[in-house]
Number of protein chains: 2
Amino acid sequence: MAAGDLFHKHGIRGVGVEAIAEAAQTNKMTLYRYFPSKDVLITEWVRGIVAHKEEDWKDLNAKHRGDPEGQLQDWSRRTAAQLRAMEERGSALGNAFAELPDPNHPARRVMKEHKLRAHKRVVRLCKAAGFPDPAFSANLFTMMLEGAHSCGTCVGMRQIGEHLVQVVDRMVENNRRHQAAG
Amino acid sequence: MAAGDLFHKHGIRGVGVEAIAEAAQTNKMTLYRYFPSKDVLITEWVRGIVAHKEEDWKDLNAKHRGDPEGQLQDWSRRTAAQLRAMEERGSALGNAFAELPDPNHPARRVMKEHKLRAHKRVVRLCKAAGFPDPAFSANLFTMMLEGAHSCGTCVGMRQIGEHLVQVVDRMVENNRRHQAAG
DNA sequence: CCCCCATGTTACCGGTCGGTAACATTTTAG
DNA sequence: CTAAAATGTTACCGACCGGTAACATGGGGG
């Protein structure tokens, strides 16, 4: 879906189906034969992003099996890398959310459910890592993750990514010390 | 500027100047006699929001003069209150940023400069409060602030606001303990 | 009273949008 | 080779957009 690049660069409302078709190396007619409307096209694009991210989490889980701290740390590093590759325009999902004011838009539901799953995942990891207050830490991580995207537009994506990694590392380290002491 | 409510509810691109004029209890012609284009209307709206926020900071500074911790804590509480009053649709500035893909849009510059000032303010406060690593803490606060807005759409604005307050309180408290011990 | 100036009204402009109809063309499969 | 399915082309539709021109209205101050 090369259409996604256009959506991300010029905003969902800022790109017409004609341009989408061209980016997909086809034309408007055939596009409409595959997707009945622009809205389902948007939804499918969002669904793809979400699926990709969740695939990434599965990979993370497989690579650091039984090591929740490692998962959290690697996750922060991957996010930092994504931030670095983003540069200038913000998060695709965040922007899409802002551009779809209708709370009943199917794409919105997809994003919402994804965010909920992601947050639960972090809570579970914090619990498994033995953080003294897993809800607290998970909320902090999730808010930082979300914030990193908007924040990077002013502080710089590179710095913000490094900082995300730094915070997660520090909290994991503190937790380890705390467990060793207690 | 009642137009702001429309911008926030339906998105900048989702509301036409006709609707704006109607919301302002006038008509399109008179509107264009005051604002030469929709873009400067948008920019002026953004400028108003930014001015309001910076006014709030001045008030904060006056109320807790010489008490940087108090300023940070009160700031988190005010932000939490704003989040509580927001509910459903996200941050006005954040959405506006997402809806204006052109990096040279004047409204974008206004927002960017505001964000930079806000971040510097937090850095200065963290320095004044004697945080061991002011840049670190300030980045954390700023990212949390930004994140709270996007995050609230899934976790719930009330919870996220409470959590923002909780994090700031905890960090201030930790810092106090650290200073008392060191 | 009368003039002026701000406001309101209506109609319009060119452009773009999402989406469709009809038809030409190419690819694929039997 | 031929028939059918997929894809491409063009033109069009109605709706809405930001923005403007021409003109009607009204009210307040000299």
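Just so we're on the same page: letters track the sequence lines, and every chain starts at 1. Computation of the quantities below employed the complete heavy-atom set of this structure, encompassing side-chain atoms and omitting hydrogens, waters and symmetry-equivalent molecules.
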Residues forming a ring-ring contact (aromatic ring centres under 6.0 Å, His included) with H149(A), sequence neighbours excluded: none
From the 5' end of DNA chain D to its 3' end, which nucleotides mark the outer limits of contact with chain A, defined by a 4.0 Å heavy-atom distance cut-off (strictly under)? dT7(D) to dT9(D)
Can you name the residues that form a salt bridge (charged side-chain N to carboxylate O under 4.0 Å, His left out) with R109(B), not counting sequence neighbours? E113(B)
Could you work out, with salt bridge (charged side-chain N to carboxylate O under 4.0 Å, His left out) as the rule, every residue matching D59(A), not counting sequence neighbours? R78(A)
Under 3.5 Å, is there a donor-acceptor pair linking the side chains of T142(B) and N139(B)? no
Answer yes when R177(B) and E173(B) have at least one side-chain N-carboxylate O distance shorter than 4.0 Å, and no when they do not. yes
Taking DNA chain D as the partner, which of residues 23-33 of chain B come within under 4.0 angstrom of it by heavy atom? K28(B), M29(B), Y32(B)
Residues of residues 37-44 of chain A with any non-hydrogen atom less than 4.0 angstrom from an atom of DNA chain D: list those, numerically ordered, please. none
Atom pair OG (S137(A)) and CG (L125(A)), whose distance is rounded to the nearest 0.5 Å: 11.5 Å
So ring pair (Phe, Tyr, Trp, His ring centres under 6.0 Å) across residues 71-103 of chain B, not counting sequence neighbours, yields W57(B)-W75(B)
Would you list the pairs meeting ring pair (Phe, Tyr, Trp, His ring centres under 6.0 Å) in which at least one residue belongs to residues 17-52 of chain B, sequence neighbours left out? F7(B)-W45(B)
Could you give all pairs that pass the side-chain hydrogen bond (donor to acceptor under 3.5 Å, both in side chains) test and reach residues 96-105 of chain B, with sequence neighbours left out? D39(B)-H105(B)
Under 4.0 Å between any heavy atoms, over every strand shown, what does Y34(A) touch: base, sugar-phosphate, or nothing? Just pick one. sugar-phosphate
Side chain to side chain contact (heavy atoms under 4.5 Å, CB included) involving R89(A) - partner list, sequence neighbours excluded: H8(A), N95(A), P101(B), R108(B)
Is there a path of hydrophobic side-chain contacts, each under 4.5 Å between heavy atoms of I, L, V, M, F, W or Y residues, that connects M157(B) with M143(B)? yes
Show every salt bridge (Lys or Arg N to Asp or Glu O under 4.0 Å) that has at least one partner inside residues 126-140 of chain A, sequence neighbours left out. D133(A)-R170(B)
With a 4.0 Å heavy-atom cut-off, tell me which residues in residues 10-22 of chain A come close to DNA chain C, sorted by residue number. V15(A), G16(A), V17(A)
